[in-house]
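Each chain gets a letter, A, B and so on, in the order the sequences are listed, and its residues count up from 1.
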Amino acid sequence: MTVRTRFAPSPTGYLHIGGVRTALFNWLLARQQGGQFILRIDDTDSERNIEAALQPILDGFRWLGIDWDEGPEVGGGHAPYFQSERLERYQSAARKLLESGHAYRDYATPQEVAEEREAAEKEKRDFVYSRRWMAETEEDCQRFEAEGRSFVVRLKMPREGTCQIDDLVRGEVRFEWSREQDHVIQRADGTCLYHLASVVDDHDFEITHVVRAVEHLSNTPRQIFIAQSLGYELPQYAHIPFVAEPGSKNKLSKRKIEQYMKNRDFKKLFDRGQAIAERVGVAVEPNSFNPVLVDFYREVGFLPDAIVNYLLLLGWSLDDKTEDFSRQQMIDLFALERVVKSAASFDPEKLLVFQQRYMNDLPVDQKVALCLPYLQRAGLVVDPADEETLTYLAAIIRAADDRVAVAGDILNFDDFFVADEALVYESKPFEKRLVKPEDAGELLAAFRESLADVDDFTTERIDAWLHQFCESKEIKIGQIIHALRVAVTGKAAGFGMFETMEILGRERTVRRIDRALEQLSQRAK
RNA sequence: GGCCCCUUCGUCUAGCGGUCUAGGACUCCGGCCUUUCACGCCGGCAACACGGGUUCGAGUCCCGUAGGGGUCACCA
């Protein structure tokens, strides 16, 4: 029997990082066993524009390299893969349950059920539906309908015995049937509810392993009841822990970013992303742009492999030291038995570490390809870029080295892409490095004059030149190099100063120093 | 509140009765390197929730307690 797993997103428009991890585990299991991974769309309830809300989710999975064998856009032998298009299947299942006595028509109004529930609560006893409006015969139905009532279909749950789940992650888990409710599976308007739909689909799609987050564990008995009543063979269940908030054990939710912002690391990650987003024209709207959602990482320039690797280790480990996994390795080595049972908090810092590692391993031309769009969208480089620009960019990226951790970080080196006349001097460093030290202007001017004599304007020669200059002036290098950096880049920090000058070239370097000196003298007036 | 799940450094985790005076990674702290920033290197702080058992021996098994979480819809 081939292994078939599934992930069933609701078309909400957003791909949640926790959902991705669940999908990843399903995907890994299927790939490892040579089986199929299926995407099914749980849209039994939503009335909104499915198309628009689904696209970002599919795009997200594709971007992450999590592909599906059956589902939207790829089809498959079990189509359709949208629950909204499978209503007849559910209704037919509901009918079967009715016929076999595992479900009944219930003519109670929602208020009547609510009253029973409240009464039970008041008396501090467990709520058990009285089944007062349960129709067992045609006569019952006619009688209730004569009263103007309509029916929903409810499960007729067993009221004794236990339900045992043999969970692949958690082992044996038992529930008392008597505590289960007579859940509604079909509404008065004939539409069906999630649990019925889910069980029917899993069966129709021949799903062998249901790998999902623990919050579904307590829903499992009713699903088992449905499946067994329908004569289905049960799938294997594996309830994995959910991804928790940074620094807490609560379930990570996209609605709580306000609160997460109080977390230092989360805030840091967000700020970094926001700075990039603002420059490339991505709307920083908390509903769509925040680190709980996959889109955030894509917009900012993360690498899919880094995210997937990080997520893999959030709730799973191979051993006590292995951290880096290629796709093939994770497929080969993944094992449900090694899934951790407790919830794991999302750690933005550690994710960044993975990102940094993966970025570092990339050849320069790939980094160029990743970074270029950011410069273009920020209006710093024309599209398409010419060969010269690409070479120039490559030199910068090489020099910047690990300072470009996410592709959008290239914008920290925007000073290389603005005209010398348009270079902006950040006020604080300008103050500290040029205005305050009284000899800064003088030294800088002298050094600038000497630059004409550097025979070869390369990193090595400039390096030697400046050291020689310092020696002749009897100053330490620190007394001039900071002023030089601010004058040439406008910033206090950056990569090697000599590399910076070589990349910029003699002419531009000199022009920038001149301009800085000009502004300095104007300030003095 | 009922039911269910979970509980090793701040975080992610290793540990499946003796090799644990508990290992690794990230963070943090100190130092080195250094023209800034980042990297890198060296070092350091830091955990078996608690209480009972079982056993010659428990982080590892059992039972309680506590804490955290999930779930209890004509939502998915």
Any-strand Watson-Crick or G-U partner of G1(B), both distances under 3.5 Å: C72(B)
Which whole number of Å gives the distance between the P atom of C41(B) and that of A25(B)? 10 Å
For atom P, what is the distance between U55(B) and C12(B), given to the nearest Å? 36 Å
Rounded to the nearest angstrom, tell me the gap between atom NE2 in H482(A) and atom P in C37(B). 8 Å
Whole-Å distance separating the NE2 atom of H183(A) from the P atom of C74(B): 8 Å
In whole Å, what separates the C1' atom of A14(B) from that of C5(B)? 22 Å
Verify the stacking flag for H216(A) against A76(B): centroid separation must be under 5.5 angstrom and the ring planes must differ by under 30 degrees. yes
Which whole-number value in Å describes the distance from N250(A) CG to G67(B) C1'? 13 Å
With a 4.0 Å cutoff (strictly under), does any side-chain N or O of R125(A) reach OP1 or OP2 of G1(B)? no
Think R338(A) has a side-chain N or O under 4.0 angstrom from the OP1 or OP2 of G15(B)? yes
Between C16(B) and G70(B), how far is it from one C1' atom to the other, in whole Å? 26 Å
Hey, is the side chain of R117(A) poking within less than 4.0 Å of OP1 or OP2 on A73(B), counting only N and O atoms? yes
So, OP1 or OP2 of C5(B): does either fall under 4.0 Å of a side-chain N or O from S218(A)? no
Would you classify R264(A) as touching base, sugar-phosphate or nothing, given that sugar-phosphate means primed atoms plus P, OP1 and OP2, and contacts are heavy atoms under 4.0 Å? sugar-phosphate
